[in-house]
Number of protein chains: 2
Amino acid sequence: MQSFRSPIGLELSQTARVVSRAFDDALDQAGGSLPVWLILLNLKIRRPGNQRELAEAVGVREATLTHHLNALDARGLITRRRDAVNRRIHVVELTQAGEEAFLRMREAALAFDRRLNDGLTDADRDNLTGLLHRLAANVGAAENDSPPWAGLAEPPPKPGRRPTAAPGTGAAE
Amino acid sequence: MQSFRSPIGLELSQTARVVSRAFDDALDQAGGSLPVWLILLNLKIRRPGNQRELAEAVGVREATLTHHLNALDARGLITRRRDAVNRRIHVVELTQAGEEAFLRMREAALAFDRRLNDGLTDADRDNLTGLLHRLAANVGAAENDSPPWAGLAEPPPKPGRRPTAAPGTGAAE
DNA sequence: TATTGTTATACTCTATAACTATA
DNA sequence: TATAGTTATAGAGTATAACAATA
């Protein structure tokens, strides 16, 4: 009788659920949510050429992104203007309030990540990351090879230089 | 310059998302969804004394569970009747169609689990599970010590005996 | 015609609050 | 009063399809 081992899919699911809910709570207290955080984060650390790219980085459809952008716009956190050169493109930018909201969420995300990592060594993290990547690879969805998150942790990214390192944070969905 | 390591919260989130979507697709083709699968699974492998227990095992509120039960009832997959002894309790049971739906989803879940586990050794799985449990513990949510999933894989649980082993499957949410 | 994005609409999952029925 | 469950209502997140604007 082999020792019991519950399906890793379920383990992943359950863990993602608890961690995700905790992260949502943390972001909520900073006035955000996971999609909002990912949107602001991506706006800060990359310069998505268009909304399709941004949507992809966030992991939603374009229409879904518009939905979130409308909400952010209504809250005064972003502005949208036409690109002068290619007027089909809407350039999305953070307002002052948006920058502040970003910083609050970033703080919450970093604090959460510290809590989440408590007691884990670098080796543990590498190990976990590797295993997670293998799972993702196994289900096909040929994961984004270059993570859309980066930058953060260090003081707000310096203008003119596309940051490439240091943790932000996010959590399961 | 320390090597880049993206936040595990985000890694977990992204992995859970892709795996979850793949699992949802798999269940969808079998006529199900994650909550539906978890409900049927729990009805089969434990005998939840009441809906509160069932809701807890599935990870939702009682009202949310009722919502799902209503849908399952409408689809003719379950029946609800009052318990003869304590008439406040609604005994939920699978209909014949429910049993068949369960088997289809179980098949899909098992196939998915095999795919997900491709190339992973038992040690890998134990390792991953251990790390996931540590993450869950770190965010407080004092995880269910005794997993609500078990039974499955072997032929449908024999009546009169609460099964205790072998993988079902579930995936990230 | 192809690209970029928005609007309209709807579905799923979830939750809270108020209610019914039973004890 | 306390317990078991349902109903009513709502909100977040997501999606598809149809549309408008621009190239």
Side-chain angles (χ1 to χ4, degrees), chain A residues 13-14 16-18 20-25 27-28 31-39 43 48-75 78-93 170-173, chain B residues 13 16-18 20-21 23-25 27-28 31-39 43 48-75 78-93 170-173:
Chain A
S13 168
Q14 306 285 126
R17 187 197 309 251
V18 267
S20 156
R21 288 190 181 176
F23 187 54
D24 278 346
D25 286 349
L27 283 178
D28 186 62
S33 68
L34 183 58
V36 165
W37 164 240
L38 290 178
I39 288 168
L43 286 175
N50 55 40
Q51 289 188 195
R52 189 185 49 65
E53 276 184 30
L54 180 55
E56 201 166 304
V58 172
V60 297
R61 299 283 178 168
E62 281 183 56
T64 303
L65 177 63
T66 295
H67 169 79
H68 290 299
L69 291 181
N70 286 344
L72 290 173
D73 204 342
R75 287 174 60 189
I78 62 160
T79 57
R80 280 177 286 190
R81 57 176 177 74
R82 299 269 182 175
D83 181 282
V85 179
N86 181 343
R87 291 183 47 74
R88 285 177 302 191
I89 293 178
H90 290 205
V91 179
V92 181
E93 281 165 336
E173 172 208 344
Chain B
S13 168
R17 184 192 318 243
V18 268
S20 157
R21 288 192 180 175
F23 187 54
D24 279 346
D25 287 348
L27 283 178
D28 186 60
S33 69
L34 183 58
V36 165
W37 164 241
L38 290 178
I39 288 168
L43 286 176
N50 54 40
Q51 290 188 196
R52 189 186 49 63
E53 275 183 32
L54 180 54
E56 203 167 302
V58 172
V60 298
R61 298 286 178 165
E62 280 184 57
T64 302
L65 176 63
T66 294
H67 168 79
H68 290 298
L69 292 181
N70 286 344
L72 290 173
D73 205 341
R75 287 174 60 190
I78 62 160
T79 57
R80 281 176 285 190
R81 59 177 177 72
R82 298 268 182 176
D83 181 282
V85 179
N86 181 344
R87 291 184 47 75
R88 285 176 303 190
I89 293 179
H90 289 205
V91 179
V92 180
E93 281 165 335
E173 166 212 344

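Sequence lines set the chain letters: A, B, ... in the order given, protein chains first and strands last, and positions in each chain run from 1. Model, not experiment: these values are computed from the prediction.
Between A:Pro48 and A:Glu53, the shortest heavy-atom contact is CA-OE1, 3.5 Å.
Within 4.0 Å (heavy atoms only), A:His67 reaches at least one base atom of the nucleic acid. Using a 4.0 Å heavy-atom criterion, one finds that B:Val85 contacts the sugar-phosphate atoms exclusively. Heavy atoms of A:Glu62 sit under 4.0 angstrom from at least one base atom.
Which of D:dG13, C:dG5, D:dT22 sits closest to the side chain of A:His68 comes down to D:dG13. In the set D:dT7, C:dT6, D:dA15, D:dT7 carries the atom at the smallest distance from any side-chain atom of B:Thr66. Picking from D:dG13, C:dT4, D:dA23 the nucleotide with the shortest atom distance to the side chain of A:Arg52 gives C:dT4. Taking only side-chain atoms of A:Arg82, from C-beta outward, the nucleotide of D:dA15, D:dA21, C:dC13 with the closest atom is D:dA21. Residue A:Ala63 has its side chain nearest to D:dT16 when only D:dG5, D:dT16, C:dT4 are considered.
Phosphate proximity of C:dA15 to A:Arg21: present, with a side-chain N or O under 4.0 Å from OP1 or OP2. Distances shown here put a side-chain N or O of A:Asn70 below 4.0 Å from the OP1 or OP2 atom of C:dT7. Dashed line: the shortest gap from a side-chain N or O of B:Arg80 to OP1 or OP2 of D:dT6 is under 4.0 Å. B:Arg61 has no side-chain polar atom (N or O) that falls below the 4.0 Å cut-off from OP1 or OP2 of C:dA17.
If A:Arg88 and A:Gln51 are placed on DNA chain C by their nearest nucleotide, the residue sitting closer to the 5' end is A:Arg88. Ranked by how close their nearest DNA chain D nucleotide is to the 5' end, B:Glu53 and A:Thr64 are led by B:Glu53.
Judged purely by atom type and a 3.5 angstrom limit, A:Arg82 uses its side chain to pair as donor or acceptor with the backbone of A:Arg87.
We find that CG of A:Leu72 is positioned 10 Å from P of D:dG13, with the value rounded to whole Å.
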